[in-house]
Number of protein chains: 2
Amino acid sequence: MTRVDGRVERGNRTRRLVLRRTVEIASVEGLEALTVGRLAAELELSKSGVFALFGSKQELQLATIREAVRIYTERVLRPAAETPPGLGRLWRLCELWLEYSRSRVFPGGCFFYGAMAEFDARTGPVHDAVVRAQRDWSAHVERTVEEARTAGELRAGTDVAQLAFELVALLETANALSVLHDEESAYGRARVAIAERLRGAAAEGVPLPQSP
Amino acid sequence: MTRVDGRVERGNRTRRLVLRRTVEIASVEGLEALTVGRLAAELELSKSGVFALFGSKQELQLATIREAVRIYTERVLRPAAETPPGLGRLWRLCELWLEYSRSRVFPGGCFFYGAMAEFDARTGPVHDAVVRAQRDWSAHVERTVEEARTAGELRAGTDVAQLAFELVALLETANALSVLHDEESAYGRARVAIAERLRGAAAEGVPLPQSP
DNA sequence: CCTACCGATCGGTAGG
DNA sequence: CCTACCGATCGGTAGG
């Protein structure tokens, strides 16, 4: 059925090559800055060659978002899952996130911060994909908070969604200010605020795993 | 000296007309989406007419940022200055900010959220103008916190910059999530978190002016 | 010599 | 993946 002539494999390799570059460009200049002509020139391919791999500019943007989700999952969500559920995992998740932003896994900082701001007030499939990515991330944080509550490590009256909102706000803003002003002090502020907030929400006798 | 032939006045009026539209477009689609041809078409002017008013696309972007700063100052900073310095003014500043975002003074939400994300990782005069606007806003929040501390309404050991960072994070994220998901619950979360944070930082016996 | 525009067009590039 | 093109639009400027 499938002719093994190397063309499909070569296409997949080129596709990965293109996506490695598009997540970088999009994190710095936005998803609208992804143009087929520019990618072709930079990667020494033809415009129509790049175009054929994705079919449209919108598909290129959607594939770039999927690639960013993949990288983000591998760098933040997967390692945090190695820590047992509870306050320790929640704290680890926040630390991994700050390290993901600070180490510039994407050269323009958190990929989704830029994508959210770029497409938040528009409509269409790209907007929807960005909304889904943010919703999944918020839901993941809420689930991690809920695990800690179920494990008895948070006060009984803890508002899970409220705590998750505050953690996301501190993380996201650390990234935003750090990239904008090209300095790292915002990460320290976020870390201090998160530790303080978790300390306040922790049940009696539950210490934070690694206080800063 | 100045010939009163109405042409200068007409130019100023057209300039204000253009800027009223550019802050709207930029808040939804970004500062790069400002094109002379599009503005000319929408406002039924000639391209060269629009062009002559600003001299270059970059000047159009810079003028748009200045106009947004003017509107922001009028809507948020100026009304807050009517409340006497202290915790009351700080709380009022946060409330005015949330109302500025929620009422969509700019149709795409806070103008500077989008501009920051768009130009944070680039270089040049537009980047610099955005950095300056954010720095001015952070400095204003810090000054307002410092006033409250000086007035004896905050605990002596309060870290002014840390508190300002946390307030900015909660405000900014309320705007971001509200615009992205087109719903208002994030404003309530920010309000709850800010009230709680200010309650924790308040000196003994100092009540919050309007608890939610 | 100034301004605020006009219709037309410059060299290049966009998505397809 | 290629060359060869399209309709349109980009930022910017010409003379009047």
Side-chain angles (χ1 to χ4, degrees), chain A residues 2-22 25-26 28-65 118-119 122-127, chain B residues 1-22 25-26 29-65 67 118-119 122-127 129:
Chain A
T2 309
R3 284 259 306 278
V4 185
D5 59 3
R7 283 184 297 189
V8 171
E9 179 48 33
R10 200 145 50 93
N12 285 338
R13 209 184 312 132
T14 306
R15 204 183 147 89
R16 284 195 296 270
L17 183 79
V18 172
L19 290 177
R20 201 177 311 144
R21 186 78 190 106
T22 57
I25 293 174
V28 173
E29 301 175 44
L31 283 159
E32 286 294 359
L34 298 177
T35 71
V36 176
R38 172 184 178 173
L39 287 165
E42 288 193 15
L43 300 172
E44 295 187 300
L45 303 169
S46 71
K47 268 175 65 173
S48 56
V50 174
F51 197 86
L53 285 166
F54 298 96
S56 71
K57 175 171 182 169
Q58 189 175 90
E59 272 308 315
L60 177 63
Q61 292 174 326
L62 292 171
T64 299
I65 293 171
E118 191 176 5
F119 282 91
R122 308 190 199 186
T123 56
V126 179
H127 163 88
Chain B
M1 200 85 173
T2 308
R3 286 258 306 279
V4 184
D5 59 3
R7 284 185 295 188
V8 170
E9 179 49 33
R10 200 147 48 92
N12 286 337
R13 210 184 310 130
T14 306
R15 205 184 146 89
R16 283 194 296 271
L17 183 78
V18 173
L19 290 177
R20 200 177 312 145
R21 187 76 190 105
T22 58
I25 293 174
E29 301 176 44
L31 284 159
E32 286 294 0
L34 298 176
T35 72
V36 176
R38 172 184 178 173
L39 287 164
E42 288 192 15
L43 300 172
E44 294 186 304
L45 303 169
S46 72
K47 267 177 65 175
S48 56
V50 173
F51 196 86
L53 285 166
F54 299 95
S56 71
K57 176 171 181 169
Q58 189 175 89
E59 272 309 316
L60 178 64
Q61 292 174 327
L62 292 171
T64 299
I65 292 171
E67 174 68 3
E118 192 176 4
F119 282 90
R122 307 189 201 188
T123 56
V126 179
H127 163 87

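Here the structure is a predicted model, which is why all the values come from computation and not from measurement. Numbered from 1 within each chain, the chains take letters A, B, ... in sequence-line order.
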Which nucleotide, dC1(D), dC6(C), dG11(D), lies nearest any side-chain atom of Leu45(B)?
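Nucleotide nearest to Leu45(B)'s side chain: dC6(C).
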[X] [atom1] to [N] [atom2], straight-line distance once rounded to whole Å:
X        : N       : atom1 : atom2 : answer
Glu44(A) : dC1(D)  : CD    : P     : 13 Å
Arg38(A) : dG12(C) : CZ    : C1'   : 16 Å
Leu34(B) : dC10(D) : CG    : P     : 12 Å
Arg15(B) : dT3(C)  : CZ    : P     : 13 Å
Leu17(B) : dC5(C)  : CG    : P     : 10 Å
Leu39(B) : dC10(D) : CG    : P     : 10 Å

Taking C-beta and beyond as the side chain, do [X] and [Y] meet within less than 4.5 Å on heavy atoms?
X        : Y        : value
Leu31(A) : Ile65(A) : yes
Val50(A) : Leu43(A) : no
Thr64(B) : Ile25(B) : no
Gln61(B) : Phe54(B) : no
Glu59(A) : Leu62(A) : yes
Leu60(B) : Thr22(B) : yes

[N] versus [M] - spacing of their [atom1] atoms, nearest Å:
N       : M      : atom1 : result
dG16(C) : dA4(D) : C1'   : 13 Å
dG11(C) : dT9(D) : C1'   : 13 Å
dG12(D) : dA8(C) : P     : 22 Å

Carboxylate-amine/guanidinium proximity below 4.0 Å for Lys57(B) and Glu32(B)
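Yes, this pair counts.
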Quick one: salt bridge (Lys or Arg N to Asp or Glu O under 4.0 Å) pairs with a partner in residues 34-53 of chain B, sequence neighbours left out?
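Applying salt bridge (Lys or Arg N to Asp or Glu O under 4.0 Å) to every pair that reaches into residues 34-53 of chain B, excluding sequence neighbours, yields Arg21(B)-Glu42(B), Glu29(B)-Arg38(B), Arg38(B)-Glu42(B).
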Identify, residue by residue, the members of residues 47-57 of chain B with a heavy atom below 4.0 Å from DNA chain C, and return them in order of residue number, or none.
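Going residue by residue through residues 47-57 of chain B, the ones with a heavy atom under 4.0 Å of DNA chain C turn out to be Ser48(B), Ala52(B).
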Touch class at under 4.0 angstrom, heavy-atom based, for Leu60(B) against every strand present
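Answer is nothing: Leu60(B) stays at 4.0 Å or more from every strand.
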Would you write out the dot-bracket form of DNA chain C, 5' to 3', with Watson-Crick and G-U pairs under 3.5 Å, [ ] for crossing pairs, | for pairs to other strands and . for unpaired bases?
.....|.|.|..|.||
Can you measure from CG (Leu45(A)) to CG (Leu39(A)) and round to the nearest 0.5 angstrom?
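So the gap between those two atoms works out to 9.0 Å.
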Determine: side-chain N/O of Thr35(A) to OP1/OP2 of dT13(C), distance under 4.0 Å, yes or no.
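Checking dT13(C) against Thr35(A), no side-chain N or O comes under 4.0 Å of OP1 or OP2.
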